[in-house]
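Here the structure comes first, spelled out in C-alpha cells, and everything after it is commentary.
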2 protein chains.
Amino acid sequence: MRMKDIADLAGVSIATVSRVINNPDQVKPETREKVQKILEQTNFVANAVARGLVINSMRTIGVLTVDIRDMFFARVIYTIERGFKDLGYNVLLSNTGGEPEEKKRYIQVMLEQQVDGLILVGSVFRERTGNKHILTAGRSVPVVLINSFLEGENIYSILCDEGEGIREAVNYLVKLGHRDIYYFIDTKSFSGLAKLEGFRRGARENGLDERKVLEIPRSLEGGEEGVYRLLEEKKKFSAIVTGEDLTAAGALKALLKLGYKVPGDVSVVGFNNLLLAEMTTPSLTSVDNMGEAMAMAAVQTLYNVLQKNPTPPKTVLTPLLVPRESTGAFPG
Amino acid sequence: MRMKDIADLAGVSIATVSRVINNPDQVKPETREKVQKILEQTNFVANAVARGLVINSMRTIGVLTVDIRDMFFARVIYTIERGFKDLGYNVLLSNTGGEPEEKKRYIQVMLEQQVDGLILVGSVFRERTGNKHILTAGRSVPVVLINSFLEGENIYSILCDEGEGIREAVNYLVKLGHRDIYYFIDTKSFSGLAKLEGFRRGARENGLDERKVLEIPRSLEGGEEGVYRLLEEKKKFSAIVTGEDLTAAGALKALLKLGYKVPGDVSVVGFNNLLLAEMTTPSLTSVDNMGEAMAMAAVQTLYNVLQKNPTPPKTVLTPLLVPRESTGAFPG
DNA sequence: GCGATAAATGTAAGCGTTTTCGGAATGCAG
DNA sequence: CTGCATTCCGAAAACGCTTACATTTATCGC
C-alpha cells in the first residue's frame with residue numbers, strides 16, 4: 001500500500017496525502033478528514049526509506065559499543081536510545097567486540113545506512129588503526145565519543161575524569177586509616193592509564209607507595225586472581241581499589257572464600273557504580289563514573305550538532321564516590 | 001559523492017559503477033579496476049537508502065525489548081545482533097519499558113523503516129491490547145517472539161519450558177532433603193504463570209504444600225522483602241526458589257544480613273543463570289532458561305523465514321538446572 | 001458580482017540507486 | 001574477411017516519497 005493507493009481511494013493527489021501526514025494544517029479540514037479516515041481504515045504505514053531518500057535523513061543514529069552485555073555499556077545505551085527516541089530518532093546498534101576491524105566495518109555499514117550521527121561508547125583504542133576511520137567518518141557525519149577522546153573535524157568527546165575518581169577513592173581509604181592500598185588495573189581499557197595516574201597521584205599525595213599496582217584482566221576471575229596473587233607474593237594490604245565493579249566483585253568473592261572479613265580485615269572499592277555493586281554482600285563502595293550523565297550529554301551534544309547549534313567539542317564530568325558496606329576503618 | 005560522480009570520474013556509466021560494486025564479475029577486469037581505484041581514492045560510500053528503495057529491503061531487523069539493562073535481555077540482544085550481523089543484517093534497537101503504547105509506537109516506527117523482520121524479546125503481555133499490533137505487524141513482516149507465545153499469520157515463537165525448570169529446582173531441593181520450600185514469584189512477567197504452575201506441580205509430585213508462594217516484585221529489593229515477610233509471618237522454610245536471579249540475590253542478601261548461613265540454614269535458587277549468579281557469595285544455584293540458545297533460534301528462525309524456507313511456528317527449548325554454592329542438604 | 005488576494009490542491013521533478021533491455025564491441029569459426 | 005554468438009556497457013525506467021511551482025478554488029472588500 002503506497003501513498004498513490006491512498007490518493008486514489010480518497011480521490012486526491014498523492015501530494016495531498018503527503019501533506020495530510022506531514023503538514024495536516026496545510027490541507028482543508030474536510031479533505032484532511034476524508035484522507036485520514038482512509039489512512040486509518042487501510043492501516044497505512046508510510047515508507048520511511050523513500051522519505052529518507054528525499055529528505056536525505058533516515059532520522060537514525062548509529063551506536064557502536066564493545067559489548068552490550070557489559071552492564072555499564074547497557075546502561076549507557078539504554079539512556080541513549082530512550083533519549084533519541086524522544087527526539088524522534090532511531091538507534092542502530094552494534095557490538096564490535098573491541099575489534100578494530102569490526103569497528104571499521106560497522107562504521108562503514110552505518111554510513112551506508114545514512115545515519116545522521118554516530119555515537120561510539122568507550123571504543124577508541126590506543127592503536128592508530130582504530131581511530132583513522134572515526135576521523136574519516138567525522139567528515140560525513142558528526143561523531144560523539146563516550147568515555148574516549150579524539151580531536152578532529154566533527155568529533156565530540158564526552159568524558160568523566162576517572163583518574164580523579166580513583167584518587168578520591170584513595171583519599172577516602174586513607175581517611176579511614178588505610179596505608180597499604182593496592183590498585184587492580186586493566187591498562188588495556190581506554191581510561192586505564194588515566195585511572196592509574198589517578199591512583200599514583202592519590203598515593204603520592206598521601207605519602208603512600210604508588211607502585212602497589214597489579215595488572216589483571218577485567219573480569220570476575222581477574223579480581224579473584226588478583227587477591228590470590230597478593231597472598232602468594234605475601235604482600236601487606238588492608239584495602240583494594242579496582243577499576244571495575246566486576247573486578248571488585250571477584251576480589252570480594254576471593255576474600256570471603258578465604259575467610260577474610262570485608263570490611264573488617266580488608267576494604268574493597270569498585271568502579272562504575274553498577275547495580276551489581278548493590279547485589280553483593282557486603283555491598284560495594286564504588287566510584288560512579290556518571291554513565292547515565294555521559295549518555296545524556298552525548299545525546300544532547302549530538303542533537304545540538306544536528307540542529308547546527310554551536311557545541312563544545314569536549315565535555316568532562318566529575319565522578320562521585322558512593323560509599324557502601326565494603327569499606328571501613330583500618331583494623332586496629 | 002554519488003555513483004554519478006564516480007561514473008563521471010571513471011568515464012563510465014552509473015550502471016557500470018553499480019555493477020562493479022555489486023556484481024564485479026559482470027564487468028571487464030580492465031574497467032573494473034579503473035572504477036575500483038576511484039572508489040578507493042574517493043572513499044566512496046554507497047547510499048543504502050536509495051538501494052533499499054529499489055530492492056525493497058534495508059537488510060535491517062527491528063528488535064523490541066523491555067529494558068536492555070536487564071542482563072537477561074542484554075545477553076539475548078547481544079546474541080541476536082551478532083548473529084544477524086554475520087548474515088548481513090543490521091539491528092534497530094528499542095526499549096519499550098514494558099508499556100503497550102510504547103510497543104505499539106515502536107512497531108509502527110520499525111515498519112515505517114521497512115525492517116525485514118521483527119524480534120520481540122519477552123514482551124508479549126497478557127493484556128489484549130498489546131498483542132493486536134503484533135498480529136497486524138505479522139501481516140507485513142515476519143515476527144519472532146522470544147520467551148513469549150502468540151499464534152498468528154507470520155508469527156513465530158521461541159520458548160523455554162520455564163515451568164519445567166522450576167519443577168526441576170523443586171525436585172532438586174527435595175532430593176537434598178528440603179520439605180519447606182517457598183517460591184517467590186512475580187506473576188506479572190510473561191512466564192510468571194507458567195513458572196508458578198511448574199512450582200505447584202513440583203510441590204504436588206513430592207507431597208509438599210503447593211501454596212507456599214509469595215508474590216513479590218521482580219527486583220533486588222523484592223527479594224529482600226520476601227525474606228522479611230517470611231520471617232514476619234513466622235513461616236517455616238529451609239529453601240527459597242525464585243523466578244529471577246536478581247530476586248534470589250536480594251533474598252540471599254537479606255538472609256546473610258540477618259545472620260543466616262546459606263546454604264547452611266537456607267538454600268536459595270535463582271533463575272536465568274546470569275553472570276550475577278556467579279558474582280554473589282555464595283554463588284547462586286540457578287535455572288538456565290537458555291537465553292542465548294533462544295536468541296540463536298530466533299535468528300535462525302527469522303532468517304529461514306526470510307529465505308522462504310518452511311519454518312516451524314513454535315520452538316521450545318529445555319531449561320537446565322545449574323547447581324552452585326547456594327544450595328545444600330537440609331540442615332539436620 | 002467583480003477583481004484581487006489568499007487558500008487549497010495538483011503536477012512534476014528529483015532523491016541515488018538497481019536492473020532490464022538493447023546496442024556496441026569483441027571473439028571465434030568457417 | 002564475414003557472420004554469428006558472446007561479452008560488456010549504457011540508457012532509462014522504476015522504487016515511494018517530498019516539495020517547489022503552477023493551477024484551481026475560495027474569500028473578501030467594494
Side-chain angles (χ1 to χ4, degrees), chain A residues 1-36 38-39 42-60 88 90 108-116 140-141, chain B residues 1-36 38-39 42-60 88 90 108-116 140-141:
Chain A
M1 178 80 42
R2 308 154 304 161
M3 276 197 186
K4 184 72 176 50
D5 304 313
I6 303 293
D8 291 348
L9 284 172
V12 298
S13 83
I14 184 177
T16 300
V17 178
S18 174
R19 277 189 279 255
V20 168
I21 292 174
N22 300 307
N23 305 87
D25 42 322
Q26 278 180 19
V27 17
K28 189 162 63 173
E30 198 184 332
T31 26
R32 188 200 309 157
E33 279 156 27
K34 185 172 60 181
V35 174
Q36 273 166 342
I38 297 191
L39 287 175
T42 57
N43 258 308
F44 178 72
V45 180
N47 185 327
V49 176
R51 173 170 210 272
L53 185 58
V54 177
I55 67 172
N56 193 30
S57 161
M58 283 292 278
R59 291 196 76 81
T60 291
N90 300 105
Q108 166 86 14
V109 169
M110 298 212 159
L111 291 179
E112 283 182 358
Q113 300 277 322
Q114 307 297 110
V115 293
D116 295 294
S140 34
V141 123
Chain B
M1 178 79 44
R2 307 154 303 163
M3 277 196 185
K4 182 73 177 49
D5 304 312
I6 302 293
D8 290 349
L9 285 171
V12 298
S13 84
I14 183 177
T16 300
V17 178
S18 174
R19 277 189 278 255
V20 168
I21 292 174
N22 301 307
N23 305 87
D25 41 321
Q26 278 180 19
V27 18
K28 190 164 62 172
E30 197 184 334
T31 26
R32 187 200 309 157
E33 279 155 28
K34 186 172 58 180
V35 173
Q36 272 167 345
I38 298 191
L39 287 175
T42 57
N43 257 309
F44 178 72
V45 180
N47 186 328
V49 176
R51 173 170 211 270
L53 185 58
V54 177
I55 68 172
N56 194 29
S57 161
M58 285 289 279
R59 292 195 75 81
T60 291
N90 299 106
Q108 167 85 14
V109 169
M110 299 211 157
L111 292 179
E112 282 182 359
Q113 300 276 323
Q114 307 296 110
V115 293
D116 295 295
S140 35
V141 124

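A, B, ... follow the sequence lines: proteins, then strands. Residue 1 opens every chain.
In terms of modelled atom types and a separation under 3.5 Å, the side chain of B/Asp5 and the main chain of B/Arg2 share a donor-acceptor contact. A/Arg32 places a side-chain N or O within 3.5 Å of a backbone atom of A/Val27 that can act as its donor or acceptor partner. A side-chain donor-acceptor contact under 3.5 Å links B/Thr42 to the backbone of B/Ile38. When atom types are taken as modelled, the side chain of A/Thr16 and the backbone of A/Ile14 share no donor-acceptor pair closer than 3.5 angstrom.
Residue B/Thr31 has a polar side-chain atom (N or O) positioned under 4.0 Å from OP1 or OP2 of D/dC9. Taking only side-chain nitrogens and oxygens, B/Arg2 comes nearer than 4.0 Å to OP1 or OP2 of C/dG16. Contact between the side-chain N/O atoms of B/Ser18 and the OP1/OP2 oxygens of C/dT19 is not found at any separation under 4.0 Å. Proximity of A/Ser13 to the phosphate of C/dT11: no side-chain N or O atom is located under 4.0 Å from OP1 or OP2.
Nearest-nucleotide mapping onto DNA chain D: of B/Gly11 and A/Ile21, the residue sitting toward the 5' end is B/Gly11. Ranked by how close their nearest DNA chain D nucleotide is to the 5' end, B/Val27 and A/Asn23 are led by B/Val27.
Here C/dT17 presents its C1' atom at 14 Å from CD of A/Gln113, a figure rounded to the nearest Å. Rounding to whole angstrom units, CG of residue A/Asp5 and P of D/dC17 are separated by 9 Å. Per the geometry, NZ belonging to B/Lys4 stands 14 Å off C1' belonging to C/dG14, to the nearest Å. The nearest whole Å value for the distance from the CZ atom in A/Arg19 to the P atom in D/dT19 is 10 Å. Distance CD (B/Gln26) to P (C/dT18): 12 Å, rounded to an integer number of Å. Residue A/Glu30 contributes atom CD, which lies 14 Å from atom C1' of C/dA7 at whole-angstrom precision. Regarding A/Asn47, its CG atom lies at a distance of 18 Å from the P atom of D/dA14, rounded to whole Å. For the pair B/Met1 CE and C/dC15 P, the computed distance is 16 Å after rounding to whole Å.
The A/Val54 side chain lies nearest to D/dC17 when the options are C/dT19, D/dC9, D/dC17. Minimum atom distance to the side chain of B/Asn22 is reached by C/dT18, of the listed C/dT18, D/dT18, C/dA8. Here the nucleotide nearest the side chain of A/Val12, chosen from C/dG10, D/dC15, D/dT18, is C/dG10. Relative to the side chain of A/Ala15, the nucleotides D/dC17, C/dA12, C/dT18 differ in distance, and C/dA12 lies closest.
Atoms CG and CE, on A/Leu39 and A/Met3 in that order, are 8.0 Å from each other to the nearest 0.5 Å.
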